[in-house]
Amino acid sequence: MNEWADRQETVRTSGRAPEGGAAPGNAAARNGGRPARDRTELAFFTDEGTLARLPAAYWDELPAGPQRHPLRARPVTLGEDWRVMQYRLAHTARGDHRARDRLEAEVGVGLAVRRAFGDAPYHQLFARFGGYHLDVREPFVFYEPARGRPLAALAGRATVREQERIRSELVLAVRLLQAVEVVHRGLTPHTVRWDGRHVRLPEPCLATRAGHPREALGEAPWAAPEQRAGHGTADPRDDLWSVAQVMYHLATGREGEPDGPPRDLARLPALGVLSTAFASTAQERRHPVEVLRMLNRQDPLQGRPLPADPLDPGRRAFDEELARKRAALGLDDDPVADTGPGRTPGRGLRALFGSGRTGMGGRR
């Protein structure tokens, strides 16, 4: 059962009426018993920066998960049958500047990846960014639901061929994120999915720009030691640590060591190419391009730099408008001490991709 069906089943069996609507009646019965409220219009921006409006049917609200707190999640059907998962910052949490910054950063990463790799053969490696709107009462982003099951479901029983394919695609995904200067920070066997052909990285709700000061986040053993401690600056090799830990769990069904290589690494030849990824610091790990080479996989970006983004002018205008709104709300002038623990100033789109850039790469 895919993610949409999982969430749809949760809604169907929750026993609650849909938000803003009555309990399902005859109309819901004709729709297979699926509770959905009356349609309203949703305005949002596409990845190309175009303002779109579509009829929207909202499903029961669901827990967004600890990584997205305090955002709220809900399945939405746009138009006739475009099913997406929307994450929004409720108006009651508008004063949570850290959550607002994270949402802005997530949108920036989604735009960067979609525009750089949306039409590439490897676009299926990434969460499918759908749309967003940040200048509304409840800012939001939404994605198309991922297919497949979490890798944790295969732990200890994946075939050799599956392990090789998953390992290769995870390293490739980290390399591609490196090309747009992004560190994902959210790779675990519970968040990365496998549909039998391709892996799918989770939505980039924890992503940051390479070189940005690390925050203390993540859980052992999936997050690199220096990431959990919040020391130094984010590095794509942080994600390679996560890939190595995910692959160890996939091969053995066990969790690895939190601060270094597993004791039985020498008995797992399939993980030999990732041996340096278990090092306790990023500087001791090989770069993603080097690991790709060791896997006998060509770097798809070798000699092919990402093209200039034709949407740059529109994005600059967006950034200027966003900066104006933030200034009007007083978000840019708040002292760090007043914003709550863990907030890093300037984690929005402008900080993530530099002045005048909220994404990189070519048009999808």
Output yes when [X] and [Y] qualify as a salt bridge under the 4.0 Å nitrogen-oxygen rule, no when they do not.
X: Arg228; Y: Asp238; value: no
X: Asp195; Y: Arg197; value: no
X: Arg88; Y: Glu138; value: yes
X: Asp299; Y: Arg293; value: no
X: Glu226; Y: Arg214; value: yes
X: Arg39; Y: Glu80; value: no
X: Glu203; Y: Arg68; value: yes
X: Arg102; Y: Glu106; value: no

When you measure from the side chain of [X] to the backbone of [Y], do you find a donor-acceptor pair of N or O atoms at a distance under 3.5 Å?
X: Asp264; Y: Arg267; value: no
X: Arg200; Y: Gln124; value: yes
X: His123; Y: Ala120; value: yes

State yes or no: do [X] and [Y] share one hydrophobic cluster built from I, L, V, M, F, W and Y residues joined by side-chain heavy-atom distances below 4.5 Å, directly or via other members?
X: Leu71; Y: Val107; value: yes
X: Val243; Y: Val289; value: no
X: Leu51; Y: Leu134; value: yes
X: Trp241; Y: Leu187; value: no
X: Val109; Y: Val183; value: no

### Task
Would you please indicate yes or no on a ring centroid separation below 6.0 angstrom for Trp82 and Phe142?
yes
### Message
Taking the ring centre of each residue, are Phe44 and His133 less than 6.0 Å apart?
### Response
no
Any side-chain donor paired with an acceptor under 3.5 Å for [X] and [Y]?
X: Arg285; Y: Thr276; result: no
X: Tyr87; Y: Arg72; result: no
X: Trp59; Y: Thr77; result: yes
X: Thr281; Y: Glu284; result: yes

Does a side-chain heavy-atom distance below 4.5 Å link [X] with [Y]?
X: Trp194; Y: Glu162; value: yes
X: Thr208; Y: Val182; value: no
X: Met85; Y: Val76; value: no
X: Phe140; Y: Leu89; value: no
X: Arg165; Y: Val199; value: no
X: Glu169; Y: Leu125; value: yes
X: His212; Y: Thr233; value: no
X: Pro202; Y: His184; value: yes

Nearest non-hydrogen partners of [X] and [Y], listed with the distance:
X: Tyr132; Y: Thr46; value: CE2-O, 3.8 Å
X: Leu240; Y: Pro288; value: CD1-N, 3.8 Å
X: Ala234; Y: Arg209; value: CB-O, 3.8 Å

### Identified side-chain contact (heavy atoms from CB on, under 4.5 Å) counterpart of Leu295 within the set Arg167, Glu290, Glu164
Arg167
### Query
Step by step, would you call Arg286 with Met294 a side chain to side chain contact (heavy atoms under 4.5 Å, CB included)?
CA-CA 10 Å; Arg286 288 192 174 94; Met294 294 176 66; 3.5 Å; yes
### Message
Other residues, nucleotides and ligands only: do more than 12 of their heavy atoms fall within 6.0 Å of CD on Glu219?
### Response
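Incorrect, the count does not exceed 12.
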### Query
Should we count NE2 of His190 as having more than 12 external heavy atoms under 6.0 Å?
yes
### Message
Distance to the ring centre below 6.0 angstrom and angle to the axis at most 45 degrees; does that hold for Arg114 and Phe129?
### Response
no
#### Entry: Arg128 charged N/C atom sitting above Tyr143 aromatic ring, 6.0 Å / 45°
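Judged by the rule, Arg128 and Tyr143 form no cation-pi pair.
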